[in-house]
K.L.:
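Below you'll find the structure I mean.
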Amino acid sequence: MSEVSKESFAKRNTLTILSVLRDLKKNQTLVMVSHSRGQFISKILDVDADNHQFLFDLGSSDYENGLAMEADTLNFVAEPAGAKVEFSCSKVRQVTYEGLPTFTCDVPPVLYSIQRREYFRVNVPWLPDYRCSGKLPDTTDFAYRVRDISLGGLGLEIDGMTPPEISSGALLKDSLIELAELGKFKVDLQYIGAMPRKSVSNKGETVSTQRLSFKFPNLSPAQERDLQRAIFELEKQQHMKAKRFQYD
């Protein structure tokens, strides 16, 4: 999204910003917190309007938390109920909240609440072999590779150039997405369409596949939270892998 169009979603009224932060807290929406040296998954724990601050959860390791404390700026991204919320804050401080250590920083002067069904899509690595299985409309069993995923839907890959006999809009109920250590998710899938793809194998051979596009027609809030956690973790893994390549 261009900066010009993004600016149309800017919120600068303090009461509006506080309201958005409170909604993130109330719905326990996962937040990706990133800075120049790393990122971690967090949640908004409290919004202190009187002191113009909000509190959010620490990362999973002391190392991550140390990097966050040293960062000049932290960037926050959340995707509640199909929208996208973005904001930044300056230096964070570590305090105690309900007997546990937590981060706090000032309420941001501007927050972007993008009210449209645009989702961050993350590509899925070849290994481990993530799969989605279930039954096609003719009750035939299927088990296809997961190639990419977002809160809006996912792309599945099949070998060859002939897609299965699914009509656009067909609903595949109770399909099972298996993302290894990231979890299993039973969801309904609605078929959108197929797109041919060609790639070169390790042996230099041209491989023909089809990418089958599906959307999630009715995720529950709990399903959305669990999937968001897995997507954030995939993004984090890709970020770490890219950094390793950068320094190798």
K.L.:
Does some side-chain heavy atom of Phe54 sit less than 4.5 Å from a side-chain heavy atom of Leu18?
P.N.:
no

K.L.:
Grouping I, L, V, M, F, W and Y whenever their side-chain heavy atoms are under 4.5 Å apart, do Ile231 and Val77 come out in a common cluster?
P.N.:
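No, no single cluster joins them.
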
K.L.:
Looking at Lys91 and Leu74, would you say the former's side chain and the latter's main chain have a donor-acceptor pair under 3.5 Å?
P.N.:
no

K.L.:
Ile17 and Leu55: same hydrophobic cluster, using ILVMFWY side-chain contacts below 4.5 Å?
P.N.:
no

K.L.:
Between Leu100 and Leu58, is any pair of side-chain heavy atoms under 4.5 Å apart?
P.N.:
no

K.L.:
When you compare the side chain of Phe142 with that of Ile158, does any pair of heavy atoms fall below 4.5 Å?
P.N.:
no

K.L.:
Check whether any side-chain heavy atom of Glu178 lies under 4.5 Å from a side-chain heavy atom of Asp129, and answer yes or no.
P.N.:
no

K.L.:
For Leu219, does its backbone N or O pair with a side-chain atom of Gln223 as donor and acceptor, under 3.5 Å?
P.N.:
no

K.L.:
Please write out which residues are connected to Leu30 in a hydrophobic cluster, directly or through intermediates, given that two of Ile, Leu, Val, Met, Phe, Trp, Tyr count as joined at side-chain heavy-atom separations below 4.5 angstrom.
P.N.:
Met32, Ile41, Phe232

K.L.:
Which pairs count as salt bridge (charged side-chain N to carboxylate O under 4.0 Å, His left out) when at least one residue sits in residues 40-54, sequence neighbours excluded?
P.N.:
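Passing the test, one end in residues 40-54: Lys25-Asp46.
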
K.L.:
Against Cys132, only a single residue in Leu212, Leu179, Val146 fulfils side-chain contact (heavy atoms from CB on, under 4.5 Å); can you say which?
P.N.:
Val146

K.L.:
Between Arg211 and Ser213, do the side chains contain an N or O donor and an N or O acceptor separated by less than 3.5 Å?
P.N.:
yes

K.L.:
Please check if the side chain of Arg147 supplies one atom and the backbone of Gly155 the other of a donor-acceptor pair under 3.5 Å.
P.N.:
no

K.L.:
May I ask you to check whether over 12 heavy atoms, not counting those of Met69, lie within 6.0 Å of atom CE?
P.N.:
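Above 12, so yes.
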
K.L.:
Go through the side-chain N and O atoms of Thr29 and Asn27 and say whether any donor and acceptor fall under 3.5 Å apart.
P.N.:
no

K.L.:
Please answer whether the main-chain N or O of Asp174 pairs with a side-chain N or O of Asp188 as donor and acceptor at a distance below 3.5 Å.
P.N.:
yes

K.L.:
Would you call Glu157-Arg145 a salt bridge at under 4.0 Å N-O?
P.N.:
yes

K.L.:
Is the closest side-chain donor-acceptor distance between Asn75 and Ser88 under 3.5 Å?
P.N.:
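Present: a donor and an acceptor within the cut-off.
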
K.L.:
Do Asn65 and Phe103 have side-chain heavy atoms sitting under 4.5 Å apart?
P.N.:
yes

K.L.:
Sequence neighbours left out, what pairs pass ring-ring contact (aromatic ring centres under 6.0 Å, His included) with at least one residue falling in residues 167-199?
P.N.:
Tyr191-Phe214

K.L.:
Heavy-atom distance under 4.5 Å between the side chains of Glu233 and Gln237, does that happen here?
P.N.:
yes

K.L.:
Would you say Val92 and Thr104 make side-chain contact, with heavy atoms under 4.5 Å?
P.N.:
no

K.L.:
What I'd like to find out is whether the side chain of Ser150 reaches to under 4.5 Å of the side chain of Phe216, using heavy atoms alone.
P.N.:
no

K.L.:
Taking the side chain from Ser61 and the backbone from Glu64, do they hold a donor-acceptor pair closer than 3.5 Å?
P.N.:
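Yes: the side chain of Ser61 pairs with the backbone of Glu64.
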
K.L.:
Are the side chain of Ser42 and the backbone of Asp57 linked by a donor-acceptor contact shorter than 3.5 Å?
P.N.:
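Confirmed, Ser42 side chain pairs with Asp57 backbone.
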
K.L.:
Let me know which of Leu182, Val187, Leu156 forms a side-chain contact (heavy atoms from CB on, under 4.5 Å) with Ile177.
P.N.:
Val187

